[in-house]
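Single-structure report; data block below.
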Amino acid sequence: MKKVIVQRKNGFLWIRLNRPTCRNAIDYDVMNALEEILETERNGEESALIITGSESSFCAGGDLRVFHALKTEAQAYEMLAKMGRVLYKFMTFPKPTVAFMNGIAIGGGCEIATACDYRFAVPEAKLGFVQGDLAITTGWGGASMLLEKLPYDKAMQMLWSARRYTAEEAETIGFLNGVFENESSFCTEWLQDAFVQHAEVLTAYKRVAIRKWQESNLAERMQQEIRECAVLWEGESHHRAVETFLKK
Ligand SMILES: CCCC(=O)SCCNC(=O)CCNC(=O)[C@H](O)C(C)(C)COP(=O)(O)OP(=O)(O)OC[C@H]1O[C@@H](n2cnc3c(N)ncnc32)[C@H](O)[C@@H]1OP(=O)(O)O
């Protein structure tokens, strides 16, 4: 079974995270697949990219079973920086990007969504930067990207509280651009009229945004954020919190 499914529908590129038994958590195979897709599809024919999850989850963040083997700061940094590079590629993808959160979006799942230009969810989705509960920060550059997308106080509220928000609350705070009953209503009520037909207009606008992020050294800021997380990762509190989850 492919862990990441690529589909082309009505001029859009769909990426579907496909590990439903662990709520589409991200492991190394998923990171590698995403990196390859983002490289090969940069100049593809589709006008925009949509990322979603299979069955009824978007993404439960990093695969805690796999990454719990990483104990030291250096080991953690290597993994975190790898996904950080993938999310920077997402953030600076030359076309519009959309996260359609078809269910739970937790931890790194919210970091992936933050890298996208737009974020939508189904009404029953729960969303949160829960990393704080695991005694770490966002480790894939999510905080730096969130501060580009939300007003300062709203971004910090989501990060500092580590709260799980309902879709309605996440829309109110500005993390979500809208809520749709399902993928089909998202497509007919939003996606099909969202973008002009002239693809060169879409990419030209995206370059304007990307230039701003390049000039404000977003890549470097994400790296520094990843270093902060790697330091905390090594701590006892983090390892204990993950063990508690894994013992459930
Ligand atoms: C490392 C980068 C930074 C981060 O992403 S930190 C955040 C990491 N993610 C988390 O802390 C989320 C942990 N998971 C949860 O809180 C819950 O499982 C979640 C997502 C709310 C779903 O709850 P439920 O729908 O009730 O499902 P459940 O708990 O019974 O889980 C079903 C199976 O999926 C597994 N799973 C869920 N999230 C996972 C994860 N992140 N890594 C590895 N395995 C994960 C879970 O262990 C369970 O497996 P099993 O069926 O018991 O074998």
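Counting starts at 1 for both ligands and their atoms, following the listed order. Nothing fancy with the numbering, it's 1 onward along the sequence.
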Nearest option to [atom], as decided by whichever heavy atom of [options] sits closest:
atom                    : options               : result
atom 21 (C) of ligand 1 : Q131, K126, R23, R164 : R164
atom 20 (C) of ligand 1 : C229, G132, A60       : A60
atom 13 (C) of ligand 1 : F67, F245, F129       : F245

Considering non-hydrogen atoms only, spot the tightest contact between I173 and K154 and give its length. CG1-CD, 3.5 Å
Under a plain distance cut-off of 3.5 Å, with no hydrogens placed, do Q224 and E220 share a side-chain donor-acceptor pair? yes
Among side-chain atoms of E111 and T138, is any donor-acceptor pair under 3.5 angstrom? no
Counting only heavy atoms closer than 4.0 Å, does ligand 1 sit against the backbone of [X], its side chain, both, or neither?
X   : value
T21 : backbone
R19 : neither
C22 : both
D63 : both

Considering only the protein, which heavy-atom contact is closest to [atom], and what is its distance?
atom                    : result
atom 40 (C) of ligand 1 : G62 O, 3.6 Å
atom 2 (C) of ligand 1  : W140 CZ2, 3.5 Å
atom 47 (O) of ligand 1 : R65 NH2, 2.6 Å
atom 42 (N) of ligand 1 : L64 N, 2.9 Å

Who are the ring-ring contact (aromatic ring centres under 6.0 Å, His included) partners of F67, not counting sequence neighbours? Y28
Using the side-chain contact (heavy atoms from CB on, under 4.5 Å) rule, take H68 and K71 through it: C-alpha gap first, then chi angles, then the decisive distance, then the call. CA-CA 7 Å; H68 192 45; K71 298 298 180 201; 3.5 Å; yes
Could you tell me whether [atom] has a protein heavy atom closer than 4.0 Å?
atom                    : result
atom 51 (O) of ligand 1 : no
atom 29 (O) of ligand 1 : no
atom 11 (O) of ligand 1 : yes
atom 32 (C) of ligand 1 : yes

Looking at Y88, is R85 sitting on its ring face, NZ or CZ under 6.0 Å from the six-membered ring centre and within 45 degrees of the normal? no
Under 4.0 Å from a heavy atom of G108: give me the atoms of ligand 1 that qualify, with their elements. 4 (C), 5 (O)
The atoms of ligand 1 lying under 4.0 Å from a heavy atom of G61, numbered in the order shown, are 5 (O)
Any chance you could lay out the salt bridge (Lys or Arg N to Asp or Glu O under 4.0 Å) test for K3 and D27, step after step, and finish with the verdict? CA-CA 9 Å; K3 293 182 181 179; D27 65 2; 2.6 Å; yes
Is any side-chain heavy atom of R119 closer than 4.5 Å to one of N177? yes
Show your working on salt bridge (Lys or Arg N to Asp or Glu O under 4.0 Å) between K95 and E46 and close with a plain yes or no. CA-CA 9 Å; K95 304 171 185 193; E46 287 74 21; 5.3 Å; no
Look at the rings of F129 and F175 and say which category their plane angle falls in: under 30° parallel, 30 to 60° tilted, over 60° perpendicular. perpendicular
Aromatic ring proximity, centroids under 6.0 angstrom, W190 and F180: no
